[in-house]
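Have a look at the structure below, then the notes.
Note: hydrogens, waters and symmetry copies are ignored here, and every other heavy atom, side chains too, is used.
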Amino acid sequence: GIRDHCVTGVQTCALPIYALHTDNATETFISMKKYLFILLFHCSASMVNRISAQPGQWTWMHGDSAFTGTGNFGTQGIPSVNNDPPHLYECCEWTDLNGNFWMYGGLDDNNGIQIHNDLWKYDPLTNEWTWMTGTNAINDHGVFGIQGISSPANRPPGLGYGAASWVDLNGDLWMFGGWCDSSYCDLWKYHIASNEWTWIKGPGTGNNNGNYGVKGVPSVLNNPRARSECATAWTDNAGDLWLFRSEEHTSELQSHSDLV
């Protein structure tokens with residue numbers, strides 16, 4: 001038989017090639033060409049993987065490097081290599097069950113304090129952004145709809161300054177709190193398949209003091225107080241949502257250390 005090697009950097013990849021035992025020299029030559037093609041493909045793929053997968057290095061994937069970018073929204077619901085969100089601070093963010101990246105709202109200080117109300121999706125496989133929901137409006141107070149009922153007309157307020165976020169066991173995206181000229185304490189759910197928001201719980205007004213109830217006792221009347229800059233959020237094995245610590249932007253900045 002014949003054995004050959006190819007070298008990619010310091011790594012050697014080897015693929016054995018065996019000539020067919022036949023009296024037909026032409027058939028043997030053709031078979032060897034097939035095996036050589038496989039060998040070259042194998043070594044080329046190994047070299048590409050080593051070039052593109054260098055550990056410990058950043059790669060600039062999308063967007064511009066300038067300040068104060070206003071983005072390119074494109075057509076809502078349609079991905080494009082030309083789409084880009086505006087430059088945003090402290091958006092709400094998620095990674096869905098398929099590995100796509102999502103973000104909502106965020107502060108745009110290109111012209112004073114401006115809070116966005118748009119939901120964006122980024123697909124790492126295609127390197128494309130999609131503007132999913134929102135009106136590209138600034139400091140919008142949303143359309144809450146009927147609590148517990150999803151609707152294509154529903155949308156949260158524009159929210160910035162660190163709303164809490166979770167992904168549940170079904171892949172739905174959840175969001176709590178955030179700030180838009182006041183701190184909020186509303187819980188929202190976004191269903192990816194229907195592209196609809198649902199206002200789940202909360203008063204729908206800013207700077208609400210909430211209702212703590214009795215510690216350790218659940219109640220439909222309980223609701224955490226308004227907050228932003230949410231520090232930590234978890235989803236446990238049962239799919240319950242947990243939230244710890246935040247700040248409240250009222251007349252003065254106040255920190256909270258409650259676990260809810």
Side-chain angles (χ1 to χ4, degrees), residues 8-11 13 41-111 113-138 155-156 158-168 170-175 178-179 188-195 197 228-235:
T8 58
V10 296
Q11 181 180 4
C13 60
F41 179 82
H42 177 79
C43 292
S44 298
S46 176
M47 185 179 296
V48 169
N49 286 337
R50 289 183 61 80
I51 292 173
S52 62
Q54 296 296 324
Q57 295 182 351
W58 284 100
T59 304
W60 180 16
M61 297 299 298
H62 208 100
D64 61 60
S65 59
F67 293 104
T68 66
T70 57
N72 181 35
F73 282 69
T75 302
Q76 196 166 80
I78 305 298
S80 171
V81 294
N82 297 319
N83 291 351
D84 270 309
H87 292 192
L88 298 168
Y89 173 73
E90 287 201 330
C91 310
C92 189
E93 48 78 24
W94 307 263
T95 303
D96 69 24
L97 300 183
N98 294 318
N100 299 305
F101 306 149
W102 298 74
M103 68 179 189
Y104 180 83
L107 168 65
D108 168 6
D109 61 356
N110 287 325
N111 187 22
I113 296 178
Q114 302 179 126
I115 306 295
H116 285 259
N117 70 342
D118 303 291
L119 178 69
W120 289 86
K121 172 188 172 185
Y122 174 76
D123 187 336
L125 297 180
T126 62
N127 192 26
E128 292 180 337
W129 283 102
T130 306
W131 174 35
M132 297 298 297
T133 70
T135 60
N136 190 14
I138 302 300
R155 66 175 186 272
L159 295 171
Y161 290 106
S165 62
W166 307 265
V167 180
D168 68 21
N170 296 318
D172 296 322
L173 312 182
W174 295 73
M175 176 172 67
W179 187 91
W188 288 86
K189 180 178 78 170
Y190 174 75
H191 187 250
I192 295 175
S194 65
N195 192 33
W197 285 100
S228 55
E229 305 280 5
C230 298
T232 310
W234 307 269
T235 306

- Please test Trp102 against Thr130 for side chain to side chain contact (heavy atoms under 4.5 Å, CB included), starting from the C-alpha separation and ending with a verdict. CA-CA 9 Å; Trp102 298 74; Thr130 306; over 6 Å; no
- Residue of the set Met132, Lys121, Glu128 for which side-chain contact (heavy atoms from CB on, under 4.5 Å) holds with Pro79: Glu128
- What are the two closest non-hydrogen atoms of Val167 and Leu97, and how far apart are they? CG1-CD2, 4.3 Å
- Task: Indicate the atoms forming the closest heavy-atom contact of Gly99 with Pro124, along with that distance.
- Result: O-CG, 3.4 Å
- Query: Is it true that Trp197 and Tyr104 have ring centroids separated by less than 6.0 Å?
  - Reply: yes
Starting at [atom1] of [X], measure out to [atom2] of [Y] and round the result to the nearest 0.5 Å.
{"X": "Trp94", "Y": "Trp174", "atom1": "CH2", "atom2": "CH2", "value": "12.0 Å"}
{"X": "Glu90", "Y": "Met103", "atom1": "CD", "atom2": "CE", "value": "13.5 Å"}
{"X": "Asp123", "Y": "Asn100", "atom1": "CG", "atom2": "CG", "value": "4.5 Å"}
{"X": "Met175", "Y": "Glu93", "atom1": "CE", "atom2": "CD", "value": "12.0 Å"}

- Message: Can a donor-acceptor pair be found, under 3.5 Å and without considering hydrogens, that links the side chain of Gln76 to the backbone of Gly134?
- Response: yes
- Task: Have a look at Trp131 and tell me which of Asp118, Asn136, Asn83, Thr75 forms a side chain to side chain donor-acceptor pair (under 3.5 Å) with it.
- Result: Asp118
- Message: If you apply the rule side chain to side chain donor-acceptor pair (under 3.5 Å), what do you find for Asp64 with His87, and how did you get there?
- Response: CA-CA 10 Å; Asp64 61 60; His87 292 192; 3.2 Å; yes
Validation row: [X], [Y] side chains within 4.5 angstrom (heavy atoms):
{"X": "Asp96", "Y": "Ile192", "answer": "yes"}
{"X": "Ile115", "Y": "Ile138", "answer": "no"}
{"X": "Leu88", "Y": "Leu107", "answer": "no"}
{"X": "Asn127", "Y": "Met61", "answer": "yes"}
{"X": "Asp172", "Y": "Tyr190", "answer": "no"}
{"X": "Tyr122", "Y": "Pro85", "answer": "no"}
{"X": "Leu159", "Y": "Cys92", "answer": "no"}

- Are Asp108 and Tyr89 linked by a side-chain donor-acceptor pair shorter than 3.5 Å? no
- Classify the angle between the aromatic ring planes of Trp129 and Trp120 as parallel (below 30°), tilted (30 to 60°) or perpendicular (above 60°). perpendicular
- Task: Could you walk me through whether Asn117 and Thr135 pass the side chain to side chain donor-acceptor pair (under 3.5 Å) test, one step at a time?
- Result: CA-CA 7 Å; Asn117 70 342; Thr135 60; 2.9 Å; yes
